[in-house]
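Just so we're on the same page: letters track the sequence lines, and every chain starts at 1.
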Protein chains: 4
Amino acid sequence: MGKKEVPSLVKDEKLIKKRREEMVKAAVSLFKENGFHRTTTREIAKASGFSIGTLYEYIRSKEDILYLVCDSIYDGVKERLNEEMSSSGNTAEDVKAAVTAYFKVMDEMQDEVLVMYQEVKSLSHEALPYVLKKEIEMTAMFEGLLLQARENNELSLSKQEVKAAAHNILIQGQMWTFRRWILQKLYTLEEYTDIQIKLLFDGIRREG
Amino acid sequence: MGKKEVPSLVKDEKLIKKRREEMVKAAVSLFKENGFHRTTTREIAKASGFSIGTLYEYIRSKEDILYLVCDSIYDGVKERLNEEMSSSGNTAEDVKAAVTAYFKVMDEMQDEVLVMYQEVKSLSHEALPYVLKKEIEMTAMFEGLLLQARENNELSLSKQEVKAAAHNILIQGQMWTFRRWILQKLYTLEEYTDIQIKLLFDGIRREG
Amino acid sequence: MGKKEVPSLVKDEKLIKKRREEMVKAAVSLFKENGFHRTTTREIAKASGFSIGTLYEYIRSKEDILYLVCDSIYDGVKERLNEEMSSSGNTAEDVKAAVTAYFKVMDEMQDEVLVMYQEVKSLSHEALPYVLKKEIEMTAMFEGLLLQARENNELSLSKQEVKAAAHNILIQGQMWTFRRWILQKLYTLEEYTDIQIKLLFDGIRREG
Amino acid sequence: MGKKEVPSLVKDEKLIKKRREEMVKAAVSLFKENGFHRTTTREIAKASGFSIGTLYEYIRSKEDILYLVCDSIYDGVKERLNEEMSSSGNTAEDVKAAVTAYFKVMDEMQDEVLVMYQEVKSLSHEALPYVLKKEIEMTAMFEGLLLQARENNELSLSKQEVKAAAHNILIQGQMWTFRRWILQKLYTLEEYTDIQIKLLFDGIRREG
DNA sequence: TATGAATGAGACTTCATTCAT
DNA sequence: CATGAATGAAGTCTCATTCAT
């Protein structure tokens with residue numbers, strides 16, 4: 001499904017999956033603490049529980065780890081999101097439910113999201129598109145929901161506005177993580193969610 | 001005004017200012033291209049037009065440069081913003097004008113904003129608060145504008161919503177830079193501005 | 001016949017011979033391309049058609065491979081040479097025929113000769129003598145031929161000169177391979193052979 | 001005069017020359033002992049009397065050292081050769097004198113010649129031509145001498161034979177170093193020289 | 001003040017070899 | 001006998017920083 005192939009010297013596919021998962025888990029934790037550049041491959045190997053030599057049996061370069069991390073996080077987000085929004089229909093309420101679910105996932109996966117958010121830019125030109133593609137897919141998901149509700153005559157939006165609104169939702173979810181230093185002092189997740197939904201639907205203009 | 005002191009071996013304050021400006025200019029351009037970590041102090045010295053030895057007469061460490069860069073960019077943004085919004089009053093129209101002005105500044109200073117946006121996290125725990133403080137100040141500015149218009153009975157917002165709306169505005173301006181890869185394909189700056197203002201004021205709900 | 005023992009974990013002698021032949025063939029081809037040091041044991045195993053683990057069942061170290069390669073090439077050269085000079089007598093013509101045959105073999109086994117020529121020096125102090133011994137044997141062969149022709153009153157040479165001439169012949173054959181970048185542009189093998197024989201027999205002095 | 005540029009981070013040209021000379025001297029000595037591949041950059045730095053960091057101020061890569069070594073050796077050989085053969089004329093005697101001088105230089109610079117002889121092949125495709133060019137130049141030198149003596153009616157040689165003879169002389173000089181393990185047991189330098197000159201001029205055929 | 005050569009800790013990566021299966 | 005995952009010592013190279021001039 002459009003992933004970048006990361007070659008490994010090891011043949012056993014199951015083992016590759018397992019080891020890479022251990023690796024990614026360790027890496028996320030380290031990147032969270034020190035960022036990608038300040039984390040050494042040795043640290044990652046150690047935290048993963050294997051030797052530096054073994055690490056390089058499963059990747060070609062440090063950058064591969066970053067890619068695997070980003071990829072894995074996106075997959076995690078998507079998976080959790082699917083769990084949360086199993087059956088969404090085409091009403092405004094469904095949009096709200098989706099936003100709520102999305103914010104909840106962002107909250108749960110704060111660390112991962114933050115890492116990805118701050119380190120994607122360190123990906124090479126080769127790997128970046130694969131990750132941006134996922135970002136676009138997620139935007140498209142919300143776009144789809146908004147469009148359905150619009151068809152259902154519950155929303156008042158031009159097509160261009162739909163796109164912008166979808167981006168806004170996405171960013172506001174990420175904002176909860178990368179502006180946590182201020183937002184999570186001001187609001188609980190529930191408050192934040194309610195307020196953003198209110199602003200999204202009604203705007204700030206005083207009616208009448 | 002709450003800046004962090006960056007010591008220098010040189011005494012002449014005017015010279016310090018001048019050299020640091022050259023340095024920051026060179027650094028921004030290099031950080032934009034390669035990021036903070038991939039840029040070497042040697043490159044910065046060279047691009048600044050002086051030797052590596054001289055560079056270290058004006059800063060203590062590479063991180064100092066990053067701090068000076070971030071600091072300088074914030075100052076730049078604020079300065080430009082003040083120019084654009086010289087006399088803003090307390091109406092909804094004034095809020096719109098401010099948002100428009102802010103987006104315009106973001107657009108003009110894309111590269112700088114992007115650099116700052118992506119590299120703040122590399123600041124040490126010591127320097128970070130100084131920069132976050134500026135972010136808070138900027139949010140406060142929009143918060144102030146929104147509050148005034150609310151006093152003026154033009155907006156329908158709780159205090160908590162005011163804060164959130166201010167954050168949204170700020171982030172949507174930055175978004176124009178860090179999501180340029182997609183947004184600037186979809187919209188012109190004017191379109192983007194209009195749409196975001198529309199969404200901000202009216203939300204997406206179909207009335208009636 | 002004075003070979004160095006290379007121990008193996010495997011008992012079946014026939015299998016050892018077979019596997020080592022596969023190994024040497026692969027190694028020659030790789031050494032030719034990248035040299036001994038730039039070739040990895042993994043590559044050799046792969047090119048040989050078995051696993052790295054299996055490789056080490058048949059040798060103790062990478063250097064063993066180099067020794068086997070050198071040894072095998074010398075054997076190859078000798079074998080081919082024997083085929084070419086089946087029945088050589090004691091005349092000057094026999095010497096010419098031998099030189100011609102030797103040059104022909106060098107030409108045919110260029111790649112192997114080149115590999116050996118360039119990599120012997122990487123052999124350990126322990127293995128080197130075994131290979132040098134073969135070089136001496138080959139020289140002795142030409143020395144023998146020259147001596148016979150001398151006995152036959154066809155050559156004018158002191159004993160010391162015989163040795164030197166034998167060395168010259170040997171080196172001129174190898175030269176055809178390790179100076180191929182220039183010699184094979186200047187001459188065909190036949191031209192090269194004829195000229196070297198002429199120079200060998202008649203020298204460069206103008207008679208009379 | 002057709003040298004490859006090896007960039008340095010240091011600006012002072014004189015210093016570059018000095019440091020590189022120290023470096024090359026140390027490297028030759030180490031390469032002689034262990035070969036290029038078994039010698040580490042750290043060892044070279046240490047033997048040169050400076051730190052690994054300093055080493056890399058004067059070269060870009062380990063291979064640069066090898067190039068500098070080869071280049072320097074060739075220059076050394078040429079220089080010594082020019083000293084020895086200051087005024088050579090166009091007689092057969094002059095050819096003999098040149099060969100004698102060349103063998104003498106080879107003998108004196110044995111270690112260097114050996115290193116170069118064994119390690120040129122490790123040069124990259126980029127650097128190799130620069131070194132081969134020098135080899136061709138040296139061959140051309142002897143070719144020139146032979147041609148002059150031929151014009152002078154002292155030699156009996158076709159043009160093609162002249163080239164081959166020049167190559168033979170060159171290789172026989174190098175042979176004195178790379179076959180030292182046997183040749184220098186059999187002959188003194190003077191004997192070797194006399195014999196090779198005799199073989200070169202008169203060949204092995206019995207006259208009459 | 002300005003310069004730039006020198007430093008060396010430490011980064012990433014490779015690869016010969018082992019050993020449990 | 002065969003396999004291939006695991007190991008870690010060791011290699012090359014970078015770069016922030018210092019200090020003598």
Side-chain angles (χ1 to χ4, degrees), chain A residues 8-12 15-16 19 37-46 49-65, chain B residues 8-12 15-16 19 37-46 49-65, chain C residues 8-12 15-16 19 37-46 49-65, chain D residues 8-12 15-16 19 37-46 49-65:
Chain A
S8 165
L9 293 176
V10 172
K11 295 179 177 176
D12 184 338
L15 196 54
I16 293 178
R19 289 275 183 269
H37 283 104
R38 290 199 217 284
T39 302
T40 69
T41 50
R42 270 194 164 78
E43 285 168 342
I44 298 171
K46 191 169 192 182
F50 28 80
S51 71
I52 184 67
T54 300
L55 186 78
Y56 276 89
E57 295 276 304
Y58 293 92
I59 48 143
R60 286 163 313 173
S61 68
K62 192 184 176 190
E63 220 227 78
D64 276 350
I65 303 179
Chain B
S8 164
L9 294 174
V10 175
K11 298 299 160 214
D12 183 339
L15 197 51
I16 294 180
R19 289 273 188 273
H37 282 103
R38 290 199 220 283
T39 302
T40 68
T41 52
R42 254 169 162 145
E43 285 169 342
I44 297 171
K46 189 170 190 188
F50 30 83
S51 71
I52 184 69
T54 302
L55 186 80
Y56 273 87
E57 297 281 312
Y58 294 92
I59 49 145
R60 286 164 312 171
S61 69
K62 191 185 174 189
E63 219 227 79
D64 277 351
I65 304 178
Chain C
S8 164
L9 294 174
V10 174
K11 298 299 160 216
D12 183 340
L15 197 52
I16 293 179
R19 289 271 188 274
H37 282 104
R38 290 199 218 285
T39 301
T40 67
T41 50
R42 256 170 161 142
E43 285 168 341
I44 297 171
K46 190 169 187 186
F50 32 81
S51 72
I52 184 67
T54 301
L55 187 79
Y56 274 87
E57 297 279 313
Y58 294 92
I59 49 145
R60 285 164 312 169
S61 69
K62 193 185 173 188
E63 221 228 79
D64 277 351
I65 303 177
Chain D
S8 164
L9 292 176
V10 173
K11 296 179 177 174
D12 184 337
L15 196 55
I16 294 178
R19 289 274 183 271
H37 283 104
R38 290 200 217 283
T39 302
T40 71
T41 52
R42 270 192 166 84
E43 285 168 343
I44 297 171
K46 191 168 193 184
F50 28 81
S51 70
I52 183 70
T54 300
L55 186 78
Y56 276 90
E57 294 275 304
Y58 293 91
I59 47 143
R60 286 164 311 173
S61 67
K62 192 185 174 189
E63 220 228 77
D64 276 351
I65 304 178

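- In this structure, A:Lys62 places its NZ atom 15 Å from P of E:dT14, rounding to the nearest Å.
- Between B:Ser51 and E:dA2, a side-chain N or O to OP1/OP2 separation shorter than 4.0 Å is absent.
- The side chain of A:Val10 sits closest to F:dA5 out of E:dT1, F:dC13, F:dA5.
- With DNA chain E read from its 5' end, the first of the two nearest nucleotides for B:Lys11 and A:Thr39 is the one closest to B:Lys11.
- Counting only heavy atoms from C-beta on, A:Tyr56 has its side chain closest to E:dC12 among F:dC13, E:dT17, E:dC12.
- Residue B:Leu15 has its side chain nearest to E:dT1 when only E:dA6, F:dC1, E:dT1 are considered.
- Place A:Glu63 and C:His37 on DNA chain E by their nearest nucleotides, and A:Glu63 ends up nearer the 5' end.
- Closest to the D:Tyr58 side chain, of the nucleotides F:dT7, E:dA6, F:dC13, is E:dA6.
- At a cut-off of 3.5 angstrom, the base of E:dG10 holds at least one donor-acceptor pair with the side chain of D:Arg42.
- Taking a pair as Watson-Crick or G-U wobble with both distances under 3.5 Å, the runs of three or more consecutive pairs in DNA chain F are E:2-21 with F:2-21.
- In this entry the distance linking CG of A:Asp12 with C1' of F:dA6 reads 14 Å, nearest Å.
- Residue A:Thr41 places at least one side-chain N or O closer than 4.0 Å to OP1 or OP2 of E:dC12.
- Of the listed nucleotides (E:dT1, E:dA2, E:dA5), E:dA2 has the atom at the smallest distance from the side chain of B:Thr54.
- Here F:dA16 presents its P atom at 15 Å from NZ of B:Lys46, a figure rounded to the nearest Å.
- Remark: B:Glu57 engages B:Leu9, B:Val10 in a side chain to side chain contact (heavy atoms under 4.5 Å, CB included) (not counting sequence neighbours).
- Put simply, OG1 on A:Thr39 and CD1 on A:Ile65 are 9.5 Å apart, with the number rounded to the nearest 0.5 Å.
- Scanning atom types as modelled, no donor and acceptor separated by under 3.5 angstrom connect the side chain of A:Arg60 and the base of E:dT13.
- Atom OG in B:Ser51 sits 11.0 Å away from atom CZ in B:Arg42 (nearest 0.5 Å).
- In this structure, the nucleotide among F:dA16, F:dT7, F:dT18 sitting nearest to the side chain of A:Phe50 is F:dT7.
- Residues passing the salt bridge (Lys or Arg N to Asp or Glu O under 4.0 Å) test with B:Arg60 are B:Asp64, sequence neighbours excluded.
- The CD1 atom of A:Ile16 sits 12 Å away from the P atom of F:dG4 (whole-angstrom rounding).
- Counting only heavy atoms from C-beta on, C:Glu57 has its side chain closest to F:dA2 among F:dA2, E:dC12, E:dA6.
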